[in-house]
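A quick write-up on the structure given underneath.
Throughout, protein chains are lettered first and strands after them, A, B, ... in sequence-line order, and every chain is numbered starting at 1. Heavy-atom basis, side chains included; hydrogens, waters and symmetry copies ignored. Just so you know, these numbers come straight off a predicted model, no measurement behind them.
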Amino acid sequence: MNEEQTTPKSHFIKEIIDADLAVGKNESRIHTRFPPEPNGYLHIGHAKSIVLNFNLAREYNGLCNLRFDDTNPIKEEEEYIESIIEDVRWLGFDWEDRLYYASDYFEKLYELAEQLVLAGKAFVCDLSGDEIRAYRGTLTEPGKDSPYRDRPVDENIALFRRMRAGEFPDGTRVLRAKIDMAHPNLNMRDPVIYRILHASHPRTGDEWCIYPMYDWAHGLEDSIEKITHSLCTLEFEDHRPLYDWFLIELGVYRPRQIEFARLNLSYTVLSKRRLLQLVQEKLVSGWDDPRMPTISGMRRRGYTPIAIRNFSERVGVAKKNNIADMALLEYYLREDLNKIAPRVMAVLNPVKLVIDNYIEDQTEMLTADNNPEDESAGTREIPFSREIYIEREDFRTEPHKKFFRLYPGKEVRLKHAYIIKCESFVTDDETGEVAEIHCTYDPESRSGGAAADRKVKGTLHWVSAPHAIPAEVRLYDRLFQVSNPNSVPEGKDFKYNLNPNSLETLTAQVEPGLADATSGERYQFLRRGYFCVDSRDSRPGRPIFNRTAPLRDSWARIERQQQKRSR
RNA sequence: UGCCGGGUCGUCUAAGGGUAAGACCGCGGCCUUUGGAGCCGUUAAUGGUGGUUCGAAUCCUCCCCCGGCAGCCA
């Protein structure tokens, strides 16, 4: 794995681990786990947890398991399992032979449940779902005991076995722990630990018709795997007493649960429920839509594992609810891409430019460096000719001050080529738009040549018109137009904040070498941004590019400020 | 207001009784054959009270604000 850019910082979880180590807990082992439920695709929020768990294991010379918490067959699918495995691997982590499934432990979990029943600490309850809710009490009032709470042990065991045997329909009975219906923590009010679900499980098929609840399963999974530190998010804080209760009652190995704040990211949503909604309502093209904050979406967008890892480390680990700034993610993205992305020229909004004093039909091959940040990236040859395309926005008929690109009478450098001077331009009679720009060039000014160091203020990218190839370019922008999409006016939901301009498709003219760009390749389009060959729709000879991120644009900033001032 | 957990620059995270620090963002400058990158500089914070102390973000009091919890979801 590549070295991380940021110095690993300390945080409260490391302090807990250090303290545990200091007193010799767990024979000085450190063993963590990443325990996703396969009911959706992984997103950047999961990345934070993955990075945390795997890095902790690495830093402390320990282990980290990948474990699927597949205890609810109704929501879980094989497709999700596969995508999760792919994503964790892509992020750069290795669980070696420790890929586990909660469903592998179903038999063991069942035995332990019988043990709890036999100990008189669990009972079969015949109350309906509604009744259980009613008996539970409220946040401020205690609940009351189920009428089945004092069922004798042998009756409980018999009933529980019959539940497993499939004698009862869904929802008719549950197994519950016998704790305290007046407990101030609602999780301790005789929580359900098994429910009847005649559903086919992606891995165990129809072998089971009762399935363990999270609280029962999770701690036991951790215990079975001898996890030392079980990291989870803040909403499980209230579950810790129950986590501990089960393990203590059973007398089994007890890992330590530690809760930290989940990641939130500005300008997007990070909840599987909402992401699923975007997918199902076709507001995006799928889980891997490049606008999605899913790992697969970001991969397709052109993000790198290093960028995601560095970001995940940088946001830190604490217990405060937070919304991390998308700008920080993009900072690490650009930092990585700047180092590794080959530079190429692509004109997104082309306008034709004719160099009147250049020999007609001549093609000249020019040498261009592939990455000024990395000499080892080498050079390539690009064709130059009398007619080229430049960006429409790089030309103004009437520039305002500070515009140092092309306008009548003005000289600019064509990157890797010559200095040209604008002599005139032609407008389209119909639209009034500039149709063609006429220039002359200085033959002495070729890059690398004798008079090449002549100073001109602006440098433009370009492509030779006869050699350029057209390419579809997808300009992606943030999915939501407000920093916190969950804050909405009365009666609206988060979709109200969707950015209607999050995707703009156009046809660019790109340098010929890009014709055979292959899936997943990342480039910097000079002066425009970072782009990635789309892994789904791109075809050899007809490349499609996704904009990963625009370059930082100080010119855009100047323009914004001037507009503000003139208002 | 039953229980649990949180409040430090715009954002995220440090400082663990001794000068409130760093990163991102923003702003200004230098540099530049990418208005990119890089370099330099800079703005900006301890929720409020009262107390302990030579000294409080840190310890104590009271208050305020925010989040989570009443699935046979995880």
Inset, instruction - Scan residues 234-247 of chain A for pairs that pass side chain to side chain donor-acceptor pair (under 3.5 Å), counting only residues two or more places apart or in two chains. - result: A/D215-A/H239, A/D222-A/Y243, A/T233-A/E235, A/E235-A/R262, A/E237-A/K319, A/R240-A/E259, A/D244-A/R254
Inset, instruction - Name all residues meeting the side chain to side chain donor-acceptor pair (under 3.5 Å) criterion together with A/D336; count only those two or more places apart in sequence or in a different chain, and write none if there are none. - result: A/T304
Inset, instruction - Taking only heavy atoms on the protein side, list every residue of residues 374-383 of chain A lying under 4.0 Å from any atom of RNA chain B, sorted numerically. - result: none
Inset, instruction - With sequence neighbours excluded, give me every side chain to side chain donor-acceptor pair (under 3.5 Å) pair touching residues 178-197 of chain A. - result: A/R149-A/D190
Inset, instruction - Let me have RNA chain B in dot-bracket notation, would you? Count Watson-Crick plus G-U wobble pairs, both distances under 3.5 Å, and use [ ] for pairs crossing earlier ones and | for inter-strand partners. - result: .((((((..((((....[..)))).(((((.......)))))....((.((..]....)).)))))))).....
Inset, instruction - State which residues pass side chain to side chain donor-acceptor pair (under 3.5 Å) with A/D325; sequence neighbours excluded, sorted by chain then number. - result: none
Inset, instruction - Return the set of residues passing side chain to side chain contact (heavy atoms under 4.5 Å, CB included) with A/Y407 (not counting sequence neighbours), or none when no residue passes. - result: A/P399, A/F403, A/K410
Inset, instruction - Give A/L127 one of three labels, base, sugar-phosphate or nothing, depending on what nucleic acid heavy atoms sit under 4.0 Å from its own. - result: base
Legend entry - Residue list, side chain to side chain contact (heavy atoms under 4.5 Å, CB included) with A/E364, at least two apart or on another chain: A/Y358, A/Q362, A/L366, A/F384, A/Y418, A/R446
Inset, instruction - Answer yes or no for A/R67 and A/Y100: cation-pi contact, defined as NZ/CZ to six-membered ring centre under 6.0 Å and angle to ring axis within 45°. - result: no
Inset, instruction - Check side chain to side chain contact (heavy atoms under 4.5 Å, CB included) between A/A556 and all other residues, then give those that pass, not counting sequence neighbours. - result: A/D553, A/R560
Legend entry - Counterpart residues, side chain to side chain contact (heavy atoms under 4.5 Å, CB included), relative to A/H11 (two or more places apart): A/I13, A/K14, A/L52, A/L56, A/V317
Legend entry - Nucleotides bounding contact with chain A, strand RNA chain B, heavy-atom threshold 4.0 Å: B/rG2 to B/rA74
Legend entry - Any residue meeting side chain to side chain donor-acceptor pair (under 3.5 Å) with A/Y523, in chain and number order, not counting sequence neighbours: A/E521
